[in-house]
Amino acid sequence: MRSDNAPIADAAHARSVTASGWPLDIPGSVHDGLTRAAARFGPNRALTFLMEADQKRTPHTWSFDAYLEEVTAAANAFHRLGIGRRDVVALVLPNAPETFFCLWGAQTAGIAFPINPLLEAGGIADLLRASQARVVVTVGPIPKSDLYQKVVAAIAGAPSVEHLVTVDLARYVGGLKAVLARVAGSQIRRAAPALRSGVAETDYRRLVRQIRTDALEIETPAVAADTASLFGTGGSTGAPKLARRTHGNEIANAWMSNRMLGEAFAPGTVILAGLPLFHCNGAMATGLSPFLNGGEVLLTTPQGYRGKGVISGFWRLIERYRVNVFSGVPTVFSTLLQVPVDGANIASLKYAFCGSAPMSAQLIDQFEAATGVLILEGYGLTEATCVVALNPVAGERKPGSVGLPLPFQQARVALVDDDGNWIRDADPGETGAVVLAGPNVFEGYVSDHHNQGLWLTDAEGGRWLNTGDLGTFDEAGYLWLKGRSKDIIIRGGHNIDPAMIEDVFYAHPAVALAAAVGRADDHAGEVPVVFVELKPGVQADPASLMAFAEPRITERAARPKSVEIIAAMPVTAVGKVHKPTLRALLATQAPQSKP
């Protein structure tokens, strides 16, 4: 392994790090990694939590030593509840400190499964059944939230669940507010449906109060090959698609990311975490990676970026807590563009990472011009644990590209036939399927039928994950995404990348969000249609937007047939534009019979 820890500057540097060999002293499990972090950074702050974005009270903080004690207590508590190496603990939680403690604690005792708390009870029940979860952790009854009631209803349809563990968020409010919240919570509990017979309910703090925090009580510690977590992925229809990731995958991806970044997450660095922790970006990129490297994570309210005052007071948060880095998705950056810096001192902010969805080069330019903050776009997916590629912090940054593959990340672009056979590697500039291998790539989905067609075999017999993304490498080794294979619009035999259309609309001063999708057409198969969300207080009509866009879209087939102005763009819980919803809207319209 190279002796220097300089951030990766170019593709040759990444190759040289890879050629030096995988480090022999890498931790064998997540708990092992956190133990080593505590030994190195013990009294330093590891986690700061804001219950309210504008709170005047001193925030709640944990040192690396205290953080490890919390994780160890959670692991021992789950072990005492009967959780073994192959048992699943489902976490239906907002962004709270206990979410991190239980995530790593559940992985240490068994298998952690974070679930989107915004799902309805039926969707949560589907995931509990698919995972065969034995323990569920959620929040206790609390005003202005129906999460507890949803989870109780979901457990009624999940026969594998034996224990419900509830987290009291009122402890982070304090004073009279906490008393009133607990009184209201008791009323909500009495009015809620009864918990299914045979399921025991326990308060989380009561559970861990008398449990060891200095050592694990687990007889057989986890090793790299053991399953650490399940993360939901894929669409919202059909059987749940659960990605199985190992301790080795998670440790590898955190190490690879940190090696790519050098000292970006070093001790003293503050990383703002606003993305949901049930998603791999929040849990890994703004969670495990900085925790293992000595950085401090600032957790901004249980609702993350959706929390009251987080976006509107964002730049003051940066100033007050001297934030150095944050991670977001394109919708977050688009929304922040509407929030003036207004004199806030944001000099501490070095850069922002954008992942989870491709970002328009126009949006990048607009954000950087307005704030002076550099955006480093990256690429990742749940099946590769999280991060795959990133624009370098110390090298050439190419807006519109997702950067260079991390050290030890094997990434290729392959031409594949209709039967899924590897034809050859694509040439630089040639579009094909993005395929991956490496220590961060998962072993597969829980259900075997989801693994069909997932893997490709190269000419040497090597196995590669077919990401479903289309892309191309340039001569310098930067990866450029060309859309999801299912998002490509095929008009009369022409493959159209939606991004080429969306970039043009983002250049219009009235456009906040733009999404191009294909509409069924009897003559051409599909034609492009663009949905647009306007900036607040700005007026524009479809005709003027079309007149702006048409001369700027050089490929005639890519010129949209219509522009649809939408009040609010549908987005996922992570903030990605949800194109299936837009396609569903178009599906209610009759196919067009003219070109």
Side-chain angles (χ1 to χ4, degrees), residues 5 7 37-38 40-67 95-97 100 172 257-258 260-275 277 281-282 284-328 332-333 335-337 339-355 367-376 378 390 393-394 397:
N5 194 38
R40 293 175 63 196
F41 314 117
N44 293 7
R45 273 200 307 270
L47 178 64
T48 296
F49 174 59
L50 308 179
M51 184 65 180
E52 298 171 341
D54 58 352
Q55 69 179 22
K56 301 300 186 288
R57 300 170 59 243
T58 302
H60 301 268
T61 63
W62 288 260
S63 67
F64 279 87
D65 285 333
Y67 189 94
N95 283 15
F100 274 134
Y172 295 113
S257 299
N258 287 335
M260 181 78 180
L261 294 168
E263 297 301 310
F265 290 165
T269 303
V270 179
I271 300 94
L272 185 147
L275 294 174
L277 299 186
N281 193 312
M284 295 294 302
T286 54
L288 189 60
S289 290
F291 287 140
L292 295 186
N293 219 43
E296 176 190 351
V297 174
L298 174 66
L299 204 53
T300 54
T301 82
Q303 294 78 34
Y305 287 125
R306 298 170 183 260
K308 180 181 178 181
V310 172
I311 292 295
S312 62
F314 188 80
W315 304 116
R316 293 299 173 186
L317 282 174
I318 299 296
E319 177 182 51
R320 181 178 180 186
Y321 295 99
R322 300 190 58 78
V323 173
N324 305 114
V325 183
F326 74 94
S327 179
V332 168
F333 292 99
T335 305
L336 284 174
L337 262 177
V339 182
V341 176
D342 198 23
N345 182 356
I346 62 171
S348 63
L349 192 56
K350 297 176 182 176
Y351 32 72
F353 299 122
C354 180
F367 186 89
E368 293 181 349
T371 66
V373 177
L374 292 181
I375 292 178
L376 298 176
L390 186 67
V393 299
R397 185 177 59 96

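By the 30° and 60° cut-offs, the orientation of the rings of Phe367 relative to Phe333 is perpendicular.
Side chain of Asn293 to backbone of Gly295: no donor-acceptor contact under 3.5 angstrom is found. A donor-acceptor pair is defined here as one N or O able to donate and one able to accept, closer than 3.5 Å; no such pair exists between the side chain of Trp315 and the backbone of Asp342. The closest donor-acceptor contact from the side chain of Ser348 to the backbone of Asn324 lies at 3.5 Å or more, if one exists at all. With hydrogens and angles ignored, the 3.5 Å screen pairs a side-chain donor or acceptor of Glu368 with a backbone N or O of Ile375.
For Phe64, the ring-ring contact (aromatic ring centres under 6.0 Å, His included) test picks out Phe41, with sequence neighbours left out. Looking at residues two or more places apart in sequence or on another chain, you find a ring-ring contact (aromatic ring centres under 6.0 Å, His included) between Tyr67 and Phe101, Phe291. Under the side-chain contact (heavy atoms from CB on, under 4.5 Å) criterion, Ser312 pairs with no residue, sequence neighbours left out.
Residues Ser63 and Pro43 approach most closely at CB-O, 3.7 Å, considering heavy atoms. The minimum heavy-atom distance linking Ala264 with Tyr351 is given by the pair CB-OH, 3.2 Å. Leu277 and Ala96 get closest at one heavy-atom pair: CD1-O, 4.4 Å. Across every non-hydrogen atom of Ala285 and Pro290, the tightest pair is O-CD, 3.6 Å. Between Met51 and Pro302, the closest heavy-atom pair is O-CD, 3.6 Å.
For the ring-ring contact (aromatic ring centres under 6.0 Å, His included) with Phe326, the qualifying choice from Phe353, Phe314, Tyr321 is Phe314, the only one to do so.
Side-chain contact annotation: Glu263 with Asn5, donor-acceptor N/O pair under 3.5 Å present.
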For the pair Asn44 and Glu296, evaluate side-chain contact (heavy atoms from CB on, under 4.5 Å) and give the outcome as yes or no after the intermediate values.
CA-CA 8 Å; Asn44 293 7; Glu296 176 190 351; over 6 Å; no
